[in-house]
Amino acid sequence: MVQDKVSQALLEALRSAQQRGMLKLEQTPVINLEAPKRPEWGDVSCTVAMSLSASERRPPFEIAQIIIDHIEQPDLLFSRVEIARPGFLNLTVKRQLWMDVLHAIEAQGASYGHSHLGQGRRVLVEYVSANPTGPLHVGHGRGAAVGQALVRLLKATGHEVVSEYYINDAGRQMKLLGVSVLARYLESCGKSVAFPEDGYHGDYIRAVAARVKAKEGEGLVSLPTVEAEQRSKDVAYRELLTLIRQDLETFGIVFDSWFSEASLLTSGTVDQVLGELKARDLLFDQDGAQWFRSSVFGDEKDRVVRKQEGDYTYLASDIAYHRDKLRRGFDLLVDVWGADHHGYIPRMQAVVQAYGYPKERLRVVLVQMVNLLRGGQKVEMSKRSGEFITLREVMDEVGVDAAKFFFLMRDSSTHLDFDLELAKQQSQENPVYYVQYVHARIASLRRVAESRDITCPFPSQADLHLLEDPDEIALIRKLSVFPVVLQASAVELEPHRMAYYLRELAGMVHPFYNKHRILPPAPDSDAGTAVSIESASSPSRPSEAVAPSLTGARLALMWAVQQVVRNGLQVLGVSAPEQM
RNA sequence: GCGCCCGUAGCUCAGUCGGAUAGAGCAUCAGCCUUCUAAGCUGAGGGUCGUUGGUUCGAUUCCAACCGGGCGCACCA
């Protein structure tokens with residue numbers, strides 16, 4: 001990689017300067033490379049001279065000069081080396097090195113940008129994990145998009161990843177679900193019943209009740225309430241979980257594993273786990289309840305695991321669940337949570353530490369609320385009242401790709417405004433199309449070329465030295481950074497970086513396409529005299545002459561661009577269409 | 001009150017490890033389709049990076065205080 005070669009050369013220069021006594025270098029300096037904003041600052045710039053200034057007690061400019069003087073055979077790497085004002089090293093890399101980027105993309109294809117950073121470390125990514133008490137809503141959609149992108153990013157960086165959905169199929173909410181469904185069921189059987197005040201009011205509950213009736217007839221009417229509730233709950237659970245699974249599938253997401261909370265309770269795992277903690281004096285009894293000493297591990301206070309009435313809290317099963325995850329031998333646990341659960345992080349980290357692991361073994365990615373708007377007006381959502389926009393509705397209205405990209409466009413830790421009217425209106429102008437269009441446009445380019453018997457060479461088959469326009473070099477430079485972006489996106493667990501990169505790349509390709517000619521004009525088109533007239537009146541229509549070899553080189557470049565766009569979209573779980 | 005997140009253009013947001021003249025999209029205005037897909041392109045206007053201090057060659061970025069917004073602080077999940 002170009003960046004690696006440059007930093008290596010600079011590091012060697014620093015060392016050799018040190019050996020000759022020109023620099024002290026008390027600590028090995030970090031070679032800080034960045035992409036300059038202005039073309040006259042070269043391809044790569046480095047700020048190491050300025051950061052050394054203090055410890056070397058010399059002006060940065062002098063240090064920069066020393067570094068330059070000690071670069072061995074600068075001609076091999078650089079075509080120009082300059083020092084700018086305080087002490088920036090502005091380096092222009094030889095063109096041949098940029099061409100190597102295209103060769104690398106060709107050689108690596110779909111795995112260009114991928115790395116072995118993770119060294120096969122095993123990661124469990126748990127996400128969505130919505131209670132099976134209703135259909136998924138928009139907020140879950142965002143978590144789903146983020147979680148899936150994280151899975152793909154981690155896989156692409158050499159991690160062994162398992163995705164898991166934790167089903168909260170125990171506890172109060174499920175009980176309430178059973179009660180709600182039974183109430184609707186009894187209604188449909190002509191019984192008048194008071195609907196539970198805190199029950200689930202959504203229309204889907206009636207649909208589920210209808211399924212219960214289809215299955216059980218009116219048999220539940222005569223059963224004892226407890227049993228009738230239980231049966232309603234069982235049917236509802238299966239129905240709703242299937243619904244969730246189908247919604248996710250439509251969204252392009254399939255989990256490796258589904259983990260049931262109830263299974264931890266029925267198998268006695270929770271009892272066992274709490275027993276272990278008790279034996280280690282990490283649990284204590286107080287006020288008739290049982291508490292976990294999470295404060296020992298930095299939580300602000302201890303937490304109840306078993307209530308006075310004897311029921312377990314959610315935390316109890318979560319302790320058992322996370323212990324189970326750790327026992328399965330994962331090197332890293334990634335939990336994707338709604339941001340309103342952030343107060344829960346310290347106690348889960350306490351759990352991890354209670355089992356002897358550093359708290360960093362658990363990384364929680366918080367997904368902030370989706371603010372649903374309709375024509376600028378906030379849509380109030382509440383699962384209880386049943387007024388909420390489902391993921392299904394959003395997918396139907398905006399499309400899967402657009403919805404995903406929208407969710408991934410922003411840092412997941414910030415609030416997201418999602419205006420349904422706007423999303424519908426903009427379905428033609430959504431940023432995702434801007435990126436996908438690059439892929440489709442290049443595909444089209446190649447189709448046209450083939451129809452005209454113009455061969456589309458791979459980089460290795462093209463005269464790449466013909467790519468000398470600054471726009472072409474800039475594009476290649478952008479492609480060269482893709483692996484860096486992918487890595488950063490994975491390491492920071494921030495998929496939005498990739499989304500932004502792709503938009504930036506698209507923002508270079510479309511202007512390039514409009515400015516530069518790739519194929520020669522169609523033979524039947526009336527070129528010649530018309531061109532000169534047009535070029536005067538419409539500068540956005542490219543009229544530059546392209547020799548066949550330049551066409552080949554540019555097609556090879558476009559091929560590489562297409563590959564990178566495809567790889568980038570892949571990692572976000574968004575499709576790369578051949579045609580739009 | 002305590003904790004977490006956030007405050008950057010009219011709106012929605014990027015901004016890497018502190019770097020050079022702070023960037024996109026939308027919206028507004030003015031233009032570009034007889035030639036590779038106009039889901040595109042060109043140009044214009046628009047900024048006290050919440051405020052005040054501190055750290056240093058240099059701060060949107062780091063630190064502190066304050067102001068404003070969101071969320072959390074359950075024997076709910």
Side-chain angles (χ1 to χ4, degrees), chain A residues 30 32-34 36-38 41 45 47 50-51 53-54 59-60 84-88 90 131 133 168 170-174 287-291 300-301 303-309 311-315 318 338-346 366 368-369 371 376 409-411 413-417 419 422 426-434 436-438 440-449 452 454 484-485 488 492 496-497 499-500 503-504 507 510-511 513-515 517-527 530-531 534 537-543 546 551 558 579-580:
Chain A
V30 181
N32 208 339
L33 295 180
E34 40 193 68
K37 292 176 202 159
R38 301 167 69 86
W41 295 338
S45 68
T47 57
M50 289 177 286
S51 54
S53 167
R85 272 170 278 175
F88 288 98
N90 289 340
N131 293 358
T133 54
N168 298 126
R172 216 173 75 89
Q173 301 306 320
M174 288 305 290
D287 305 330
Q290 195 166 40
W291 302 67
E300 57 181 295
K301 54 184 169 187
R303 308 289 175 176
V304 172
V305 290
R306 179 182 245 151
K307 307 176 209 170
Q308 271 181 338
E309 316 90 75
D311 288 346
Y312 289 125
T313 63
Y314 181 80
L315 177 61
D318 239 353
D340 52 342
H341 288 61
H342 65 75
Y344 211 76
I345 297 176
L366 294 178
Q368 259 296 1
M369 265 173 39
N371 240 334
M409 277 282 300
R410 286 149 185 141
D411 185 341
S413 71
T414 64
H415 291 266
L416 173 66
D417 280 349
D419 193 313
L422 221 70
Q426 286 189 347
S427 61
Q428 295 290 306
E429 287 175 35
N430 196 300
V432 69
Y433 296 108
Y434 189 67
Q436 288 180 319
Y437 189 34
V438 170
R441 220 173 199 181
I442 295 172
S444 162
L445 208 50
R446 296 168 64 82
R447 281 193 298 271
V448 173
R452 291 202 218 151
I454 298 171
V484 180
V485 173
E492 304 295 328
H496 76 279
R497 296 187 185 208
Y500 264 85
R503 224 180 48 167
E504 282 167 8
H510 290 307
Y513 178 91
N514 274 268
K515 185 173 169 189
R517 200 67 220 183
I518 292 156
L519 302 177
D524 57 336
S525 82
D526 196 11
V531 166
E534 283 231 11
S537 62
S538 58
S540 68
R541 288 284 121 191
S543 58
V546 271
T551 287
M558 286 299 123
Q579 212 166 350
M580 286 171 74

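Letters A, B, ... mirror the listed sequences (proteins, then strands); counts begin at 1. Just so you know, these numbers use all the heavy atoms, side chains as well, and skip hydrogens, waters and symmetry mates.
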Give [X] one of three labels, base, sugar-phosphate or nothing, depending on what nucleic acid heavy atoms sit under 4.0 Å from its own.
X: A:D287; answer: base
X: A:H342; answer: base
X: A:S444; answer: base
X: A:T47; answer: base
X: A:H496; answer: sugar-phosphate
X: A:P511; answer: sugar-phosphate
X: A:A449; answer: nothing
X: A:E492; answer: nothing
X: A:R38; answer: base
X: A:L315; answer: nothing
X: A:N90; answer: base
X: A:R447; answer: base
X: A:A84; answer: base

Heavy-atom pair of closest approach, residues [X] and [Y]:
X: A:H342; Y: A:L366; result: CB-CD1, 3.5 Å
X: A:P60; Y: A:S53; result: CD-OG, 3.5 Å
X: A:D417; Y: A:R410; result: O-NH1, 4.3 Å
X: A:V304; Y: A:L315; result: O-CD2, 4.1 Å
X: A:Q368; Y: A:S413; result: CG-O, 3.0 Å
X: A:R447; Y: A:A440; result: NH2-O, 4.4 Å

Original post:
If you check every side-chain atom of A:Y513, which of B:rA14, B:rC71, B:rC36 has the closest atom?
Top reply: B:rC36
**OP:** From the options B:rC75, B:rC6, B:rG19, select the nucleotide whose nearest atom is closest to the side chain of A:P86.
**Re:** B:rG19
Original post:
Does any N or O donor sit under 3.5 Å from an N or O acceptor when you compare the side chain of A:S45 with the base of B:rA20?
Top reply: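 Under the 3.5 Å cut-off, the side chain and the base do form a donor-acceptor pair.
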Hunt down the Watson-Crick or G-U wobble partner of [N], both distances under 3.5 Å, from any strand shown, or write none.
N: B:rC4; result: B:rG70
N: B:rG25; result: B:rC11
N: B:rG31; result: B:rC41
N: B:rG19; result: B:rC57

Original post:
In whole angstrom, what separates A:K301's NZ from B:rG72's P?
Top reply: 15 Å
Original post:
Given atom OH of A:Y434 and atom C1' of B:rA38, what is their separation to the nearest angstrom?
Top reply: 13 Å
Distance check, [atom1] atoms only: [N] and [M], in whole angstrom units.
N: B:rU12; M: B:rC75; atom1: C1'; result: 42 Å
N: B:rC63; M: B:rC17; atom1: P; result: 13 Å
N: B:rC6; M: B:rC26; atom1: P; result: 26 Å

Subject >> Nearest-nucleotide 5' precedence on RNA chain B, A:Y314 against A:M409 >> reply: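 Looking at the nearest nucleotide for each, A:M409 comes out on the 5' side.
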**OP:** Determine: side-chain N/O of A:R503 to OP1/OP2 of B:rC13, distance under 4.0 Å, yes or no.
**Re:** no
Subject >> side-chain N/O A:T414 vs B:rA14 OP1/OP2, d < 4.0 Å >> reply: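 It does, given that an N or O in the side chain of A:T414 lies less than 4.0 Å from OP1 or OP2 of B:rA14.
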Subject >> Chi class for B:rC33: syn within 90° of 0, otherwise anti >> reply: syn
Original post:
Going by ring centres under 5.5 Å and near-parallel planes (under 30°), is A:W41 stacked on B:rA20?
Top reply: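 According to the criterion (under 5.5 Å, under 30°), yes, A:W41 stacks.
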Original post:
Is the cationic atom of A:R503 (NZ for Lys, CZ for Arg) positioned less than 6.0 Å from the six-membered ring centroid of A:Y500 and within 45 degrees of its normal?
Top reply: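 A:R503 over A:Y500 ring: yes.
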